[in-house]
Amino acid sequence: MVAGLRLSTAALGLAFVLWQCVHVQHSWYLVHNCDERSASGWAAPRSPARVSHQGFQEVFATLFALEMQDLLGIKQDGPLPPMDGKHSLADVTRSIKEQGVGILFISVKWFFQQPTPDTFDFRVMDYLIQTVCSQDIKLSIVLDAQANPPWVFDLVPDAGVVDSKHIGYRSISFNHPAVNQLVHAWYDAVLSRMVELNATCIHSVQPCFNNEYETKYIQEADGAQDYSDEAVTLFRRYLRSIHGSLEYWNERWGTAFTSWAAFQPPSFFQHGVHWDDTVTKLFYWDWQHFRHRRIHEVHESGCMHIAAYGLRCIQHFAEFMTSSDAIYAAGSVFTLAASPWLDYIVVDSNFLTTAMLPTPDVRLVQLLLSAMKPFGKPVFFEGAFERISDPAVHRKAVQLTATSAAHGIGFTNWLDRVGPTFFNDTLSGLPSPSADAPSVAILSPYRSFWAFKGAPKDADGVLRPTDPQQDRLFECLDTVEKAVESLDGLQIFGVPSMLLPVLKDFQQVWFMQPDVLLSGDAQAINSIKQRAAALGLPFHVCAAQTRMRKKLVLPECCPSV
């Protein structure tokens, strides 16, 4: 315990620095089927040879806080190294390193590291850094602020988030300025400690306010967040900075607020009858714009903080371009990916649909990675591969990661679920991207995915098993796949204005026309069509069944993020 270490945010200055045993078909069998293991259950393959990653520049494996506790016996108040862990951290780290894994992704929780406002406890993190780094493996570390200490609510009683049912929670709101000061003070302490112990071993650090370690809002019972007083105050202040007249906004929204004090943002929910009940409501679209803006600002600020200590920032992003984007603001990936403060991008999938059924098309990997190519940053695909029971499907997902030219690949939820040679098997014999693949662009405006929320219900009241918006994207991919020899050169543009200056670099452009466009995106798309015609560049529209007969173009309220 480091007693008396006071809260401070002074370390964040202006000196921000930019830094950039089995065959694979059987590697899903359980650990107990192997005949050569250490006492912890994990050992190196019988003939350990370092793999070359087969085109991946970096590979990571996750061992987050709960796994550290349950599988490795690493507890906040327990002995270190643990005496009763099912596995040994040193043995596990040694084994994955010898199979080509160079990064271990871990998480640290705020409530463990700062048990009181004035004291910090880095004992567990120190042990993790010393043990893993001694094996010549890098660490990526999630700073889990969502796991907040209880004392935060003693200092800031209204620190919690509120959902669209106006139910409050004991999870902190990143919209509260006083909460952010406390979070940044913890950042200062923990980042200083990392640098002091072994800065060269830290691959990257992730600021996080989400229970799944992703850059998105949390949702409770299909209700959106955040409707706390501080969030409403920030929204009100932002609107007044655009136009100070409440009459202007009442006219735009069709509302009748009598004063700014009476103003409240619109509540919204997902699934069933809520799926399309806000399509034409400008009040909803303006609130979505602000929610996106806030999640961008807060996470970019965290990356700035990390850069101030000479470390790199990494962010996990959940599946995007789905009907879940509306409630999670998952489209923030498209603005944060463009931020100079974000160094690494991780796109991930649990291979489940919005109805929590297995994803029928693993080309999802290709869609997510292709949408990140325009940003030119190192991108990892991380999969909850334990969700895939079919080894052939699993292999296809990994192959698509390789042929999509991902910088790296990550594996989560793997310990005690896969065999001890899993990484070696999985990373061997992967294809490379085709050097002759045509350059093809799919234009799919990410903000248009806000139009529909969750999954609709069928005539029997059962949630549709797949996402209609994502289905249309796959249908477009089917069409493009028939028209070109390879999709290895595919790039998906979620931000239309990013395609215009590089249009000449593509051989074909396909437009997945949404039911709803925001006015700024509509203008950019018209310019793309005109420029494509001038260049003699084929511009195709993906023919897909749409829900609405007439396409809508909605006027935007505010400058794009």
Side-chain angles (χ1 to χ4, degrees), residues 285 288-289 292 320-322 325 331-339 366-377 379 404-405 437-452 469-470 472-561:
W285 287 89
Q288 286 286 30
H289 167 87
H292 179 116
F320 46 85
M321 290 185 164
T322 76
D325 287 15
S332 62
V333 63
F334 288 98
T335 54
L336 283 167
S339 170
Q366 194 171 36
L367 291 177
L368 297 177
L369 290 171
S370 296
M372 291 296 98
K373 287 181 183 179
F375 298 94
K377 289 189 175 179
V379 181
S404 297
S439 298
V440 179
I442 291 180
L443 181 58
S444 180
Y446 81 89
R447 296 188 299 175
S448 293
F449 286 85
W450 298 347
F452 303 103
Q469 295 201 91
Q470 192 179 65
R472 290 180 60 194
L473 197 50
F474 280 124
E475 290 171 15
C476 186
L477 192 64
D478 290 336
T479 303
V480 177
E481 201 166 17
K482 293 175 183 176
V484 298
E485 295 180 0
S486 170
L487 289 179
D488 292 358
L490 174 66
Q491 295 190 44
I492 296 177
F493 285 80
V495 182
S497 59
M498 289 184 66
L499 177 58
L500 191 59
V502 296
L503 194 58
K504 64 183 185 302
D505 298 331
F506 291 92
Q507 295 168 257
Q508 296 185 36
V509 175
W510 293 79
F511 177 36
M512 198 199 86
Q513 187 169 8
D515 289 316
V516 181
L517 274 173
L518 288 173
S519 55
D521 289 339
Q523 291 171 8
I525 291 165
N526 285 334
S527 297
I528 290 168
K529 290 179 179 178
Q530 294 171 9
R531 182 70 185 278
L535 293 171
L537 177 66
F539 185 97
H540 309 282
V541 177
C542 287
Q545 184 177 1
T546 61
R547 182 171 178 83
M548 302 173 64
R549 291 183 179 180
K550 184 178 180 180
K551 306 300 180 186
L552 295 178
V553 176
L554 301 178
E556 294 186 58
C557 71
C558 316
S560 297
V561 177

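It should be emphasised that the depicted structure is a prediction, and the values quoted were computed from it without experimental measurement. Any value given below was found using the heavy atoms of this structure, including those in side chains, with hydrogens, waters and symmetry copies removed.
The two atoms that bring I525 and P496 nearest to each other are CG1-CB, 4.1 Å, heavy atoms only. Closest approach of A524 to S497, counting heavy atoms only: CB-N, 4.0 Å. L490 and K373 get closest at one heavy-atom pair: O-NZ, 3.0 Å. Of all non-hydrogen atoms in S486 and A437, the two that sit nearest each other are OG-CB, 3.7 Å. Among all heavy-atom pairs drawn from A483 and W510, the shortest one is CB-CZ2, 3.7 Å. The two residues S560 and H289 come nearest to each other via the heavy atoms CA-CE1, 4.4 Å.
Rounding to the nearest 0.5 Å gives a distance of 4.5 Å between CD of E556 and CG of L518. Rounding to the nearest 0.5 Å gives a distance of 9.0 Å between CD1 of I442 and OG1 of T479. Atom CD1 of residue I492 and atom CE of residue M512 lie 9.5 Å apart, to the nearest 0.5 angstrom. Considering CD of Q469 and OG of S444, their distance stands at 9.0 Å, rounded to 0.5 Å. From F474, atom CZ reaches atom CD of E481 across 11.0 Å, with rounding to the nearest 0.5 Å. Taking CG from L473 and CG from L367, the interatomic distance works out to 5.0 Å, rounded to the nearest 0.5 Å.
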Q | Criterion side chain to side chain contact (heavy atoms under 4.5 Å, CB included) on Q366 and L487, from CA distance to verdict | A | CA-CA 9 Å; Q366 194 171 36; L487 289 179; 3.4 Å; yes

(Q) Could you walk me through whether T335 and H292 satisfy the side chain to side chain contact (heavy atoms under 4.5 Å, CB included) test, starting with their C-alpha distance in whole Å, then the side-chain angles of each, then the deciding distance to 0.1 Å, before giving a yes or no? (A) CA-CA 9 Å; T335 54; H292 179 116; 2.9 Å; yes

Q: Walk me through it: do D515 and R472 pass the test salt bridge (Lys or Arg N to Asp or Glu O under 4.0 Å)?
A: CA-CA 11 Å; D515 289 316; R472 290 180 60 194; 3.5 Å; yes

Q: Could you please spell out the steps behind the side chain to side chain contact (heavy atoms under 4.5 Å, CB included) verdict for Q508 and V484?
A: CA-CA 9 Å; Q508 296 185 36; V484 298; 3.6 Å; yes

Q: List the steps and the verdict of side chain to side chain contact (heavy atoms under 4.5 Å, CB included) for Q470 and F449.
A: CA-CA 9 Å; Q470 192 179 65; F449 286 85; 6.0 Å; no

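For E485, the CD atom is loosely surrounded, since the number of other residues' heavy atoms within 6.0 Å does not exceed 12.
Side-chain contact between L517 and L554: absent, with no pair of heavy atoms (C-beta onward) separated by less than 4.5 Å. Contact check for M372 versus V333: side-chain heavy atoms found under the 4.5 Å cut-off. Side-chain atoms of V509 and P538, non-hydrogen and from C-beta on, never get closer than 4.5 Å to each other. When side chains are defined from C-beta on, Q507 counts as touching P438, because their heavy atoms get closer than 4.5 Å.
Ring-plane geometry between F334 and Y446 is classed as parallel, the angle between the planes falling under 30 degrees on a 0 to 90 degree scale with a further cut at 60.
A side-chain hydrogen bond (donor to acceptor under 3.5 Å, both in side chains) check over residues 516-539, counting only residues at least two apart or in different chains, returns the pairs R447-D521.
Aromatic ring centres of F493 and F511: separated by at least 6.0 Å.
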